[in-house]
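Single-structure report; data block below.
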Amino acid sequence: MKLEFEYGQGLLGAELPDSTDIFIPGETVADPPCLPQDWDSLYAATLASIRNPIGMPPLKELAGPGKSVVIVIPDIVKGGNQPTSHRKVAIRACLDELYAAGVKQKDVLLLFSNGLHPRATVAEMQTILGPELFGEFYPTGQITS
């Protein structure tokens, strides 16, 4: 099968096997409806995803008393500083599940992944996490970059 699509000012083409499935967001599969952007709606949807992962046991089954946890967080270059950012919502939902499974806060480390970017500054960590999460983990040395 030959596939051609517009890219910039021209056409981009490829020869693909006839058994290839083509996925075009919004066309071959409808885009899902947008979630309301309030904390409660985003938290509930995130928690539902954490509790129903694809191809693996839920977080609550993987975690437990005495287990250590590292949560890796993208650095500031990726944005996400608003109060309902995916980072803030997802980290809180994961922590709530971990605590419910018996993991203690002292056994959790928040690690900023910076790749080749400079280490995250304390101010950037606070901006990304928000004052609540930052205040829970920074004073005890449980945030690093």
Show me the donor-acceptor pairs within less than 3.5 Å that the side chains of residues 123-132 make with the rest of the protein, sequence neighbours left out.
unit_1: Glu124; atom_1: OE1; unit_2: Thr121; atom_2: N; d: 3.0
unit_1: Thr127; atom_1: OG1; unit_2: Ala123; atom_2: O; d: 2.9
unit_1: Glu132; atom_1: OE2; unit_2: Arg92; atom_2: NH2; d: 3.3

> Same cluster for Val70 and Ile143 if Ile/Leu/Val/Met/Phe/Trp/Tyr side chains link at under 4.5 Å?
Replying inline: no
> Asp38: what forms a side chain to side chain donor-acceptor pair (under 3.5 Å) with it, not counting sequence neighbours?
Replying inline: Ser41
>> Which Ile, Leu, Val, Met, Phe, Trp or Tyr residues join Leu62 in one cluster when any pair of side-chain heavy atoms under 4.5 Å counts as a link?
In response: Met56
Sequence neighbours excluded and cut-off under 3.5 Å, please list the side-chain donor-acceptor pairs for residues 100-114, or say none.
unit_1: Gln105; atom_1: NE2; unit_2: Glu136; atom_2: O; d: 2.6
unit_1: Asn114; atom_1: ND2; unit_2: His117; atom_2: O; d: 2.7

> According to the side chain to side chain donor-acceptor pair (under 3.5 Å) rule, which pairs have a member within residues 45-59, sequence neighbours left out?
Replying inline: Arg51-Glu97
> Residues two or more places apart in sequence or in another chain: which of them pass salt bridge (Lys or Arg N to Asp or Glu O under 4.0 Å) with Glu4?
Replying inline: Lys2
> Taking only residues two or more places apart in sequence, or in another chain, which ones meet Thr28 in a side chain to side chain donor-acceptor pair (under 3.5 Å)?
Replying inline: none
> To which residues is Leu116 joined in a hydrophobic cluster, defined by side-chain heavy-atom contacts under 4.5 Å among Ile, Leu, Val, Met, Phe, Trp and Tyr, whether direct or through other members?
Replying inline: none
>> List the residues meeting ring-ring contact (aromatic ring centres under 6.0 Å, His included) with Tyr99, not counting sequence neighbours, and say none if there are none.
In response: none
> Phe134: what forms a ring-ring contact (aromatic ring centres under 6.0 Å, His included) with it, not counting sequence neighbours?
Replying inline: Tyr138
> Mind checking what makes side chain to side chain contact (heavy atoms under 4.5 Å, CB included) contact with Ser68, not counting sequence neighbours?
Replying inline: none
>> Applying side chain to side chain contact (heavy atoms under 4.5 Å, CB included), can you list everything that pairs with Ile22, at least two apart in sequence or on another chain?
In response: Met1, Leu3, Leu16, Thr20, Ile24
